[in-house]
Protein chains: 2
Amino acid sequence: MNAAVVASGQGGASLDLVFQALADPSRRAIVERLCRGPASVSELAQPLEMALPSVLQHLQLLEASGLVRSAKTGRVRTCRINSTALDQAERWISRRRSAMERAFDRLGDFLKE
Amino acid sequence: MNAAVVASGQGGASLDLVFQALADPSRRAIVERLCRGPASVSELAQPLEMALPSVLQHLQLLEASGLVRSAKTGRVRTCRINSTALDQAERWISRRRSAMERAFDRLGDFLKE
DNA sequence: CCTATAGTTAGGTATTTACCTAACTATAGG
DNA sequence: CCTATAGTTAGGTAAATACCTAACTATAGG
């Protein structure tokens with residue numbers, strides 16, 4: 001297990017992989033769909049004008065990023081989102097916002113002098 | 001101007017580009033730095049063990065994504081973050097969270113029956 | 001005017017990504 | 001048992017990415 005995975009904890013992955021996964025519109029469509037509830041691979045594939053193996057490749061990336069989990073029962077694989085990976089991304093962004101606010105405050109202090 | 005850019009409004013860019021930009025650790029380091037205040041290209045380059053032209057390439061991507069703005073005065077280009085691009089990404093994520101909560105509520109209703 | 005500094009452009013390479021088709025495996029259900 | 005369905009694997013291509021070096025432009029400041 002690499003350092004990034006260890007740092008992110010419990011099945012999550014690095015921010016690199018999470019943001020990378022979200023950078024593609026097909027993958028975001030999959031995530032959007034899964035936020036409304038679990039779905040099988042072919043359900044996910046249906047609205048995406050793309051061959052099945054390509055969808056699978058996207059799913060692999062989504063799993064690697066930790067955004068999606070899946071389990072196979074019988075011949076159907078059921079996929080669901082894992083909200084903690086999404087949390088990670090959101091937290092990174094909100095920390096940036098905090099940093100910006102602090103910078104803004106320092107600027108105010110500076111202007112008062 | 002393409003449809004994605006039009007849709008995102010005022011100098012922002014598509015979510016594709018924003019998430020793509022955030023997927024690279026060097027680019028996130030640049031964003032983190034700029035959240036603490038504006039900086040020149042060489043200031044941004046200094047902590048990144050990488051040749052200047054590579055840094056410039058990252059900056060171009062960051063500008064294309066709308067995350068960073070820059071202007072040149074004299075021979076120094078000053079870069080600053082543009083928070084609206086970050087907002088876009090954050091809003092996409094929080095809409096996903098809302099969708100998940102709605103799905104969860106529907107599940108509760110279902111279980112009550 | 002000259003030189004050091006700040007950034008830029010051109011162009012090249014190795015790797016990764018996003019797709020595809022074809023062929024395969026495994027299980028549900030008649 | 002046989003066939004249709006659900007997913008998987010293998011393998012190939014075109015384009016994008018992340019770097020690099022070398023060479024260039026433009027401006028600050030003595």
Side-chain angles (χ1 to χ4, degrees), chain A residues 2 4-5 13-34 37-81, chain B residues 2 4-5 13-34 37-81:
Chain A
N2 70 38
V5 170
S14 67
L15 274 182
D16 285 44
L17 291 178
V18 174
F19 283 129
Q20 181 65 259
L22 294 176
D24 181 89
S26 305
R27 286 192 295 263
R28 280 200 308 281
I30 291 175
V31 169
E32 291 186 15
R33 168 61 189 82
L34 291 179
S40 70
V41 172
S42 22
E43 269 181 287
L44 293 174
Q46 191 223 317
L48 301 177
E49 300 179 347
M50 185 183 297
L52 243 202
S54 308
V55 175
L56 219 59
Q57 204 171 12
H58 284 304
L59 277 172
Q60 277 164 8
L61 241 166
L62 284 165
E63 290 215 49
S65 77
L67 281 163
V68 168
R69 297 289 183 73
S70 77
K72 198 166 175 177
T73 64
R75 66 185 163 176
V76 30
R77 175 174 299 280
T78 300
C79 306
R80 54 195 78 248
I81 21 109
Chain B
N2 71 37
V5 169
S14 67
L15 274 181
D16 285 44
L17 292 178
V18 174
F19 283 129
Q20 181 64 260
L22 294 176
D24 181 89
S26 306
R27 287 193 294 262
R28 280 201 308 281
I30 291 176
V31 169
E32 291 186 15
R33 168 62 190 79
L34 291 179
S40 69
V41 172
S42 22
E43 269 181 287
L44 293 173
Q46 191 222 318
L48 302 178
E49 301 178 347
M50 185 184 298
L52 241 202
S54 308
V55 174
L56 220 58
Q57 204 171 11
H58 285 304
L59 277 171
Q60 277 164 9
L61 242 167
L62 285 165
E63 290 215 48
S65 78
L67 280 163
V68 168
R69 297 288 182 76
S70 76
K72 199 166 175 179
T73 63
R75 67 184 163 177
V76 31
R77 174 173 300 279
T78 301
C79 305
R80 55 195 78 248
I81 20 109

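All heavy atoms count here, side chains included; hydrogens, waters and symmetry mates do not. Protein chains get the first letters and strands the later ones, always in sequence-line order, with residue 1 at the start of each.
Taking atom CG on L48(B) and atom P on dA18(D), their separation rounds to 13 Å, with Å as the unit. Between the CZ atom of R77(B) and the C1' atom of dT5(C) there is a distance of 16 Å, rounded to whole Å. Whole-Å rounding puts the Q60(A) CD to dT16(C) C1' distance at 15 Å. Between the CD atom of Q20(B) and the P atom of dA15(D) there is a distance of 18 Å, rounded to whole Å. As rounded to whole Å, 16 Å separates atom C1' of dT17(D) from atom CG of L59(B). For the pair Q46(B) CD and dA6(C) C1', the computed distance is 15 Å after rounding to whole Å. Rounding to whole angstrom units, CD of residue E63(A) and P of dG7(D) are separated by 13 Å. Rounded to whole Å, atom P of dT17(D) lies 17 Å from atom CZ of F19(B).
Atom CZ of R28(A) and atom NE2 of H58(A) lie 11.5 Å apart (nearest 0.5 Å). Note that CG of L48(B) is 11.5 Å distant from CZ of R27(B), once rounded to the nearest 0.5 Å. Here the straight-line distance linking atom CD of Q20(A) with atom OG of S14(A) works out to 10.0 Å at 0.5 Å rounding. Atoms OG and CZ, from S40(A) and R77(A) in turn, are 11.5 Å apart once rounded to the nearest 0.5 Å.
Shown here for C79(A) and V68(A), the closest heavy-atom pair between the two residues is CB-CG1, 4.1 Å.
The side chain of S42(A) places an N or O atom within less than 4.0 Å of a non-bridging phosphate oxygen (OP1 or OP2) of dG7(D).
Across all strands shown, dC24(D) forms a Watson-Crick or G-U wobble pair, both distances under 3.5 Å, with dG7(C). In this structure dA18(C) sits in a base pair with dT13(D), meeting the Watson-Crick or G-U test at under 3.5 Å. When both distances must be under 3.5 Å, the Watson-Crick or G-U wobble mate of dG30(C) is dC1(D).
The only member of L67(A), L62(A), I81(A) that meets side chain to side chain contact (heavy atoms under 4.5 Å, CB included) when paired with L34(A) is I81(A).
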Given protein heavy atoms under 4.0 Å, the one-letter contact record of nucleotides 19-30 of chain D, with B base, S sugar-phosphate only and - none, is simply BBBB----BS--

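Between dG7(C), dA18(D), dT9(D), one nucleotide has an atom nearer to the side chain of L56(A) than all others, and that is dT9(D).
Side-chain contact check for E63(A) and S70(A): at least one donor-acceptor pair (N or O, by modelled atom type) lies under 3.5 Å.
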